[in-house]
Amino acid sequence: MSLSLNQWTTRRWSLAEAVDGCVRHGLEAIGLWREKVEEQGLAQSVKLVRAAGLRVSSLCRGGFLTAGGLPGEEGRTAFAHALDDNRRAIDEAAELEAACLVMVVGGLPGVRPGEALPEGFTRDLAGARERVAEALAELAPYAGERGVKLALEPLHPIYCPDRAVLSTLGQALELSLPYPEEQVGVVVDTFHVWWDPRLAADIARAGSRIASYQVCDYLHPLPADVLLGRGMMGDGVIDFPPITRAVQAAGYAGDVEVEIFNADVWAADPDEVVATMKARYEELVLL
């Protein structure tokens, strides 16, 4: 396994700056975000990454598939829009030759990330998960035709209302099983799954469906904005080596992506962040 910088960890850097930073720090891979790719332009992003000799360990993100659970025409329109946006994301991932397209599937229909509950949202959690399954049936063949693997990412249960109705690796794995592993896999992100008592068993069961291994720490106490509770490895409560051993034993040999959402990390000198990331990875994540 090789270390990859998810560019959200050094959010201040443009895509071009992040690519240059990876080269200067001796990294071989980068995880890209669609917003940064759009700012740079897709064609120029492809050119920069390839000229630098970097692998794209993931493209983030597709998903947000659950709004189709809203009633009537609003739901049908939202579902169609979500499918269209995800087809565009798949096309972008294909151009970038990304190892996978990370899928954050969406929360309860009508609930927007980080916002107060609106009028007309639905509490139908089971129905929201059904919408994800319906969307996968549409998107997986499209991705397969373009050589792109969709990587379902379970998020910590605190994000179930507004970001992901998949909360465990087991749930994500079950949704992936109807499709060839070349089309649909799963993400193991330490922040989101470290707490799960079934984690080791589900990693073993996932095997070659593991499309991405992402690491960062779980801070305690969490900040007021829980989205920013992802810390540098060693600053929180996660014991990384057992998870790394399980992922390796399952056969994963891809890149290990460090993805951190944290106001203090974002405010720091990106070069110092990458240097710390490399040191903590070697000290705390590897066996």
Heavy-atom closest contact ([X] atom, [Y] atom, distance):
X	Y	result
V273	M232	O-CE, 3.8 Å
P161	P157	CD-O, 4.1 Å
V148	I90	CG2-O, 3.6 Å
D239	P241	OD1-CD, 3.4 Å
M233	C216	SD-CA, 4.1 Å
A78	A67	CB-CB, 3.6 Å

What I want to check is whether the side chains of [X] and [Y] have a donor and an acceptor closer together than 3.5 Å.
X	Y	answer
T190	Q214	no
H156	D189	no
E181	S208	yes

Check: [X] side chain, [Y] main-chain N or O, donor-acceptor pair, under 3.5 Å:
X	Y	result
R230	Y218	no
K149	A211	no
T77	E74	no
T10	W13	no
D255	E257	no
D217	G236	yes
R129	L125	no
E17	S14	yes
W8	L32	no
R209	S176	yes

To the nearest 0.5 Å, what is the distance between [atom1] on [X] and [atom2] on [Y]?
X	Y	atom1	atom2	answer
L139	M103	CG	CE	5.5 Å
T66	R163	OG1	CZ	12.5 Å
S57	Y213	OG	OH	14.0 Å
L59	E92	CG	CD	6.5 Å
E138	R87	CD	CZ	6.0 Å
I30	S4	CD1	OG	7.0 Å

Are the side chains of [Y] and [X] in contact, using a 4.5 Å heavy-atom criterion?
X	Y	value
I203	I243	yes
T168	R198	no
R280	V258	no
F64	P113	yes
V187	L152	no
L155	L166	no
M1	T244	yes
W194	V237	yes

Practice task
List the steps and the verdict of salt bridge (charged side-chain N to carboxylate O under 4.0 Å, His left out) for D85 and R88.
Solution key: CA-CA 5 Å; D85 183 61; R88 287 192 293 272; 3.4 Å; yes
Exercise for the section: Show your reasoning for whether salt bridge (charged side-chain N to carboxylate O under 4.0 Å, His left out) applies to R24 and D20. Expected result: CA-CA 6 Å; R24 284 188 288 104; D20 181 64; 2.8 Å; yes
Problem - Audit row: Q44, L48, side chain to side chain contact (heavy atoms under 4.5 Å, CB included) steps and yes/no - result: CA-CA 6 Å; Q44 183 65 13; L48 286 169; 3.8 Å; yes
Exercise for the section: Tell me, please, whether Y142 has R146 positioned over its six-membered ring: NZ or CZ under 6.0 Å from the ring centre and within 45 degrees of its axis? Expected result: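 Yes, cation above the ring, under 6.0 Å and within 45°.
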Exercise for the section: For the pair S58 and L101, evaluate side chain to side chain contact (heavy atoms under 4.5 Å, CB included) and give the outcome as yes or no after the intermediate values. Expected result: CA-CA 6 Å; S58 74; L101 173 65; over 6 Å; no
Say whether [X] and [Y] are linked into one hydrophobic cluster, either directly or through other cluster members, by side-chain heavy-atom distances under 4.5 angstrom.
X	Y	answer
F261	V285	yes
V105	Y179	yes
Y159	L117	no
V37	L150	yes
L173	V165	no

Practice task
Using side-chain contact (heavy atoms from CB on, under 4.5 Å) as the criterion, point out the one residue from V215, V256, I210 that pairs with V188.
Solution key: I210
Exercise for the section: Using side-chain contact (heavy atoms from CB on, under 4.5 Å) as the criterion, point out the one residue from V274, L27, L3 that pairs with C22. Expected result: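 Among V274, L27, L3, the one meeting side-chain contact (heavy atoms from CB on, under 4.5 Å) with C22 is L27.
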Handout entry: Derivation of the side chain to side chain contact (heavy atoms under 4.5 Å, CB included) call for L219 and N262
Key = CA-CA 10 Å; L219 300 181; N262 182 287; 3.4 Å; yes
Might you confirm whether atom [atom1] of [X] has over 12 heavy atoms from other residues, nucleotides or ligands at distances under 6.0 Å?
X	atom1	answer
R112	CZ	no
R12	CZ	yes
E38	CD	no

Problem - Ion pair check, E97 and R50, cut-off under 4.0 Å - result: yes
Handout entry: Pair W33-N6, side chain to side chain donor-acceptor pair (under 3.5 Å): steps then yes or no
Key = CA-CA 8 Å; W33 276 68; N6 183 291; 2.9 Å; yes
